[in-house]
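Since the model is a prediction, treat every value here as computed from it, not as a measurement. Below, chains carry the letters A, B, ... as their sequence lines are ordered, and counting in each starts from 1.
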Amino acid sequence: MLDLMLLRRDPERVRRAAARRPAGADFVDEVVRLDTKLRAAITSVEQLKAEKNALTQAISKAADRTAEAQRLKPQIAALDARIVEAGAPIPELERQIDAILADVPNLLDDSVPDGAGPDNNVVLRVSGPPPAFGFAPKPHWELGEALGIVDFERAAKLAGSRFAVLRGAGARLSRGLIDFFLNRAIERGYTEIVPTYLVNRKTMWSTGQLTKFADAMFADTDSDLFLIPTAEVPLTALHGDEILPGENLPLKYTAYSPCFRKEAGAAGKDTRGLIRLHQFEKVELVWLTEPAQSFDALESLTRDAESLLSELGLPHRVVALCSADVGFNAAKTYDVEVWLPGQNHYREISSCSNCTDFQARRAQIRFRREAKAKPEMVHTLNGSGLAVGRTLVAILENYQQEDGSIRVPEALVPFVGFDVIASPGPA
RNA sequence: GGAGAGGUGGCAGAGUGGUCGAAUGCACUCGCUUGGAAAGCGAGCAGACUGUUAAAGGUCUCGGGAGUUCGAAUCUCCCCCUCUCCGCCA
């Protein structure tokens, strides 16, 4: 949520920044108009209430309260009527302002490149040339099914399309990756969390997932609980409605979690393979920082994600998302993309975002610089470190050999207990 | 699932209709004291909005919402949450 104060004080600045988004800046004038009316109404109500409170106080201080109450009743009743009248427009004005602001995306950072779509994203660095193969590399779904370690047919039987079952060495590879990712995060100073995988509506709203733009999430309407689409939600909201001591910042959290997404807007996209499923595994990285540190933190967070790919020997690159591609919550986003030789393109494997104070304001995550200082909003950042399924895809495709077997990246061998996958197992 | 208890400031915990944004204790901040510390003493210490150069001042908040009343932390109703006991269970 944008800062209404900023909108009041400097609507021109908000207008300029918001205009860079496809959503545009039309809301600015409307919000300013509504807010001006709202504040006028509030001011008059408060003045009238002050008058009424003075009379009420007079009663409580009177020698004969009953008599004084009788005497002042008509005046108080008159004030009550005026309070009701002056306050009548307030709920509707607040509702309108909230409804507008709730769906306005975060303001982009100045460093975000302009662009109309993914083609305008800027490649910042490339880890190295993609490896050359002495044969035609296969896509991971062919490799995985031939080895018997990925089973789409039985997953469809169990749950439908966009699900996969891992078997034997595939399952162990997935589990080993989770362990590897978590260990590396801990080594880099992250605190591991086992969060809830279901969250309530308020939590989901507070991290910006519940907007009119959001694809529907899996939910239990009976209890009004939502399956998390990413551990970003519980990790970011962990300190919601709290005021943190400034010296505790930055806070760095990591968590493994399953992620559930309906993918309602992705019909027909990535229908084969493990790329886009209703259920997948991910290790998430989240930072809470002081405002001045958040953009340095974004660089650091992105390096953390990249380092995992480097250690696994997976070719990758980092791109800065352009103005049209940065998501609702973020002021700036770097995507880390891994090379998939079986499909001959780069594919997002981690999306690292600085959400500045946007989620913090929704979730009310604040900090105090010093003991008596006024609370300020923290900045929140998140990124995958990494998406487990997509890493598994990258390993299958990059480490495939001509006979269809898969070498296990050296760094991962201690975590999975074998160095080649030639059959489903026992491996 | 059954029965009961309870939600007050960072924590503990008073407060059952007015002078209560709220006693007291702990924690915390500053000062005094001290060679230094502890103890002791003094002062401060909730958040939001409004207002102002800054302030003063004002409004709201005692889980959330609605109501009774001139006046609600306190009374009534609804909702949410937590805890205890019993049952069941990974």
Side-chain angles (χ1 to χ4, degrees), chain A residues 1-10 31-32 34-98 101-102 194-206 210 219-227 234 237-249 251 257-258 288 357 360-378:
Chain A
M1 185 126 75
L2 297 187
D3 184 3
L4 187 55
M5 294 302 154
L6 176 64
L7 230 152
R8 281 178 193 166
R9 283 198 304 269
D10 198 352
V31 170
V32 168
L34 293 168
D35 181 57
T36 304
K37 289 172 72 174
L38 174 64
R39 279 193 298 164
I42 288 174
T43 303
S44 56
V45 165
E46 288 186 353
Q47 280 170 357
L48 292 166
K49 280 189 175 173
E51 287 180 42
K52 176 184 169 175
N53 288 345
L55 295 181
T56 298
Q57 285 301 308
I59 293 173
S60 78
K61 283 173 186 146
D64 184 345
R65 284 176 177 163
T66 313
E68 190 68 355
Q70 281 304 320
R71 196 175 72 78
L72 293 175
K73 250 183 178 178
Q75 287 186 57
I76 291 171
L79 282 169
D80 276 334
R82 292 175 63 197
I83 288 168
V84 168
E85 187 190 354
I90 289 175
E92 178 60 15
L93 287 167
E94 285 178 334
R95 197 196 58 74
Q96 289 180 1
I97 291 168
D98 285 348
L101 284 184
V194 178
T196 64
Y197 303 143
L198 289 163
V199 298
N200 59 31
R201 178 176 296 274
K202 182 188 175 195
T203 301
M204 200 60 95
W205 185 89
S206 74
L210 277 183
D220 173 46
T221 50
D222 199 36
S223 59
D224 211 30
L225 289 171
F226 297 78
L227 284 157
L238 197 60
H239 292 291
D241 293 320
E242 292 182 28
I243 300 173
L244 303 162
E247 64 263 26
N248 288 10
L249 299 178
L251 286 170
S257 86
L288 305 183
D357 61 2
R361 189 167 300 103
R362 286 182 162 234
Q364 288 295 302
I365 313 165
R366 292 176 291 175
F367 77 103
R368 237 189 273 272
R369 286 178 195 277
E370 293 155 26
K372 294 177 72 175
K374 252 179 95 84
E376 299 172 57
M377 297 297 165
V378 303

Checklist entry - Under a cut-off of 3.5 Å for both distances of each Watson-Crick or G-U pair, what dot-bracket string does RNA chain B give, using [ ] for crossing pairs and | for inter-strand pairs? => result ((((((((.[[[..)..(.....]]].(((((.......))))).(((((......))))).[[[[[..)....]]]]])))))))....
Polar-atom pairs under 3.5 Å, protein N or O versus N or O of nucleotides 65-72 of chain B: list them with distances, or write none.
{"from": "B:rC70", "atom 1": "OP1", "to": "A:Lys73", "atom 2": "NZ", "distance (Å)": "2.6"}
{"from": "B:rG71", "atom 1": "OP1", "to": "A:Lys52", "atom 2": "NZ", "distance (Å)": "3.2"}

Item to check | Within-4.5 Å side-chain heavy-atom neighbours: A:Leu227 and A:Leu198 | outcome: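 Counting from C-beta outward, A:Leu227 and A:Leu198 do come under 4.5 Å.
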Checklist entry - Roughly how far, to the nearest 0.5 Å, is the CG atom of A:Leu210 from the NZ atom of A:Lys202? => result 13.5 Å
Checklist entry - Between CD1 of A:Ile365 and CG of A:Asp241, what distance do you get to the nearest 0.5 Å? => result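 Reported value, rounded in 0.5 Å steps: 9.0 Å.
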Next on the checklist: Other residues, nucleotides and ligands only: do more than 12 of their heavy atoms fall within 6.0 Å of CD on A:Glu85?
Outcome noted: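 No, because the 6.0 Å sphere around CD of A:Glu85 holds 12 heavy atoms or fewer from other groups.
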Checklist entry - In terms of heavy-atom contacts, does CZ of A:Arg82 have more than 12 from other residues, nucleotides or ligands at under 6.0 Å? => result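 No - once you tally the heavy atoms of other residues, nucleotides and ligands closer than 6.0 Å, there are 12 at most.
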Item to check | Side chain A:Arg362, main chain A:Ala102, donor-acceptor under 3.5 Å | outcome: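 Present.
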Item to check | Check: A:Ser60 main-chain N/O paired with A:Arg65 side-chain donor or acceptor under 3.5 Å | outcome: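 Checking the backbone N and O of A:Ser60 against the side chain of A:Arg65, a donor-acceptor pair under 3.5 Å is found.
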Mind listing the closest non-hydrogen atom pair of [X] and [Y] along with its distance?
X        : Y        : result
A:Met1   : A:Arg361 : O-NH1, 2.6 Å
A:Thr196 : A:Val199 : OG1-CG1, 3.7 Å
A:Glu242 : A:Leu244 : OE1-CD2, 3.8 Å
A:Ala41  : A:Ala86  : CB-O, 3.8 Å

Taking atom [atom1] in both [N] and [M], what distance in whole Å separates the two?
N      : M      : atom1 : answer
B:rC70 : B:rG51 : P     : 33 Å
B:rG64 : B:rG10 : P     : 13 Å
B:rG9  : B:rU61 : P     : 15 Å
B:rC78 : B:rC83 : C1'   : 22 Å
B:rA66 : B:rC60 : P     : 14 Å
B:rA3  : B:rG87 : P     : 16 Å
B:rG4  : B:rG17 : P     : 27 Å
B:rU50 : B:rC45 : P     : 22 Å

Checklist entry - Would one find a side-chain N or O of A:Arg369 under 4.0 angstrom from OP1 or OP2 of B:rU29? => result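 So the side-chain polar atoms of A:Arg369 never come under 4.0 Å of the phosphate oxygens OP1 or OP2 of B:rU29.
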Checklist entry - A:Lys61 near the nucleic acid: base, sugar-phosphate alone, or nothing, with a heavy-atom cut-off under 4.0 Å? => result nothing
Can you name the atoms? Protein N/O to nucleotides 48-54 of chain B N/O, anything below 3.5 Å, with the distance.
{"from": "B:rA48", "atom 1": "OP1", "to": "A:Arg366", "atom 2": "NH1", "distance (Å)": "3.4"}
{"from": "B:rU50", "atom 1": "OP1", "to": "A:Arg8", "atom 2": "NH1", "distance (Å)": "2.1"}

Checklist entry - Does a side-chain N-to-carboxylate-O contact under 4.0 Å join A:Glu92 and A:Arg95? => result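 Counted as a salt bridge, because a side-chain N and a carboxylate O are separated by less than 4.0 Å.
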Without decimals, in angstroms, what is the distance between [X] [atom1] and [N] [atom2]?
X        : N      : atom1 : atom2 : answer
A:Asp241 : B:rG64 : CG    : C1'   : 13 Å
A:Ile243 : B:rC11 : CD1   : P     : 11 Å
A:Asp224 : B:rC81 : CG    : P     : 10 Å
A:Asn200 : B:rC81 : CG    : P     : 9 Å
A:Gln57  : B:rG17 : CD    : C1'   : 14 Å
A:Glu68  : B:rU19 : CD    : P     : 16 Å
A:Asn53  : B:rC60 : CG    : P     : 5 Å
A:Arg82  : B:rU59 : CZ    : C1'   : 16 Å

Checklist entry - Between the side chains of A:Thr56 and A:Asn53, does any donor sit under 3.5 Å from an acceptor? => result no
